[in-house]
Amino acid sequence: MSQFVIYITLEKYLAEWAHHSLGSPIVFPAQSNENAIIRTFIQKLPKGTIPIMNDGNMTAISIPDSKAKPAREYNYIGVRGQKAIRECIKDLFKRNLWNEIGCLSDSGVGVNALICAWCEMHGIDIDRMETVRQAFYRMREAYTKKGINLRNFSREKSRQEEHNLYKPHKPAQTCTNTNNHY
């Protein structure tokens, strides 16, 4: 990674999660999709444009090294590029949240407690727990509306069904025909 950064505005919970997971400034893994998006939209500072500076509410993201676009010259990202990076970070956050909470949502522990613990584990302030909980419910609801049930309502029932698959079955009764008409 280069020493150069770009600044984008993120919602507080996303910024906290990203800083906790990826550092400050945010450094994405070398061959990541996020770096591919940055490399695609990074450009030279257009003439007459003032560089974007951190206003105290922005998140710094390290510009990946690139032979084709050296960060010393290519260190500006436009509004649409910022939006694309923001969307990548939000998608990464959602995948992380779903992968870690989705499988536990039927564990008998309340979703609020799971989300609260998850936020704590990922450096998200408790004041933003409700926002994260709503994001989780929106994801789950979006699939439900499409007829895809991601919830396992009864683990015991599914274990019982699995057990029944391996039970020996009674042999089927054979039909004996007493009228042998050939």
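Just the heavy atoms: all of them, side chains too, but no hydrogens, waters or symmetry mates, feed the values below. Position 1 is the first residue of the sequence; numbering continues from there.
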What pairs with E73 under salt bridge (Lys or Arg N to Asp or Glu O under 4.0 Å), at least two apart in sequence or on another chain? K44
Which value, rounded to the nearest 0.5 Å, describes the distance between L14 atom CG and I89 atom CD1? 7.5 Å
So, does T144 use its side chain to make a donor-acceptor pair with the main chain of R140 at under 3.5 Å? yes
Indicate, with yes or no, if V132 and M121 share a hydrophobic cluster defined by side-chain heavy-atom contacts under 4.5 Å among Ile, Leu, Val, Met, Phe, Trp and Tyr. yes
To the nearest 0.5 Å, tell me how far H19 NE2 sits from I26 CD1. 5.0 Å
Please answer whether the main-chain N or O of L92 pairs with a side-chain N or O of N96 as donor and acceptor at a distance below 3.5 Å. no
Between V79 and K83, is there a side-chain heavy-atom distance shorter than 4.5 Å? no
Set out, in order, the CA-CA distance, both residues' side-chain angles and the distance that settles side-chain contact (heavy atoms from CB on, under 4.5 Å) for I63 and V5, then state yes or no. CA-CA 5 Å; I63 300 172; V5 296; 5.6 Å; no
Could you check whether any side-chain heavy atom of P51 comes within less than 4.5 Å of a side-chain heavy atom of Y76, counting everything from C-beta outward? no
To the nearest 0.5 Å, what is the distance between CZ (R128) and CD (Q134)? 14.0 Å
So that I know where these two stand, are F4 and Y74 an aromatic pair - ring centroids less than 6.0 Å apart? no
About how many Å separate SG of C116 and CD1 of I126, when rounded to the nearest 0.5 Å? 3.0 Å
What's the shortest heavy-atom distance between I8 and Q82, and which atoms? CG2-CG, 3.6 Å
Testing the basics here: between I37 and C88, what is the closest heavy-atom pair and its distance to 0.1 Å? CG1-SG, 3.4 Å
Can you check whether Q43's main-chain N or O pairs, donor with acceptor, with K69's side chain at less than 3.5 Å? no
So, W98 versus Y137, ring centres under 6.0 angstrom or not? no
Hey, could you give me the CE/CD1 distance between M58 and I6, rounded to the nearest 0.5 Å? 9.5 Å
Cationic N near anionic O, under 4.0 Å, E11 to K90: yes
For the atom pair CD1 (I61) and OG (S24), what is the distance rounded to the nearest 0.5 Å? 10.5 Å
For the residue pair T9 and T59, establish whether any side-chain heavy-atom pair is separated by less than 4.5 Å. no
For S62 versus V27, what's the shortest heavy-atom pair and its separation? CB-CG2, 3.9 Å
So, do I124 and M129 sit near enough that their side-chain heavy atoms are less than 4.5 Å apart? no
Would you kindly say whether Q31 and N35 are connected by a side-chain donor-acceptor distance under 3.5 Å? no
Hey, are R133 and E130 close enough for a salt bridge, meaning a charged N less than 4.0 Å from a carboxylate O? yes
How about CE on M53, more than 12 heavy atoms from neighbouring residues, nucleotides or ligands closer than 6.0 Å, or not? no
Indicate yes or no for a side-chain donor-acceptor contact from S21 to the backbone of W17 under 3.5 Å, with no hydrogens or angles considered. yes
Between the side chains of H122 and E100, is a donor N or O closer than 3.5 angstrom to an acceptor N or O? yes
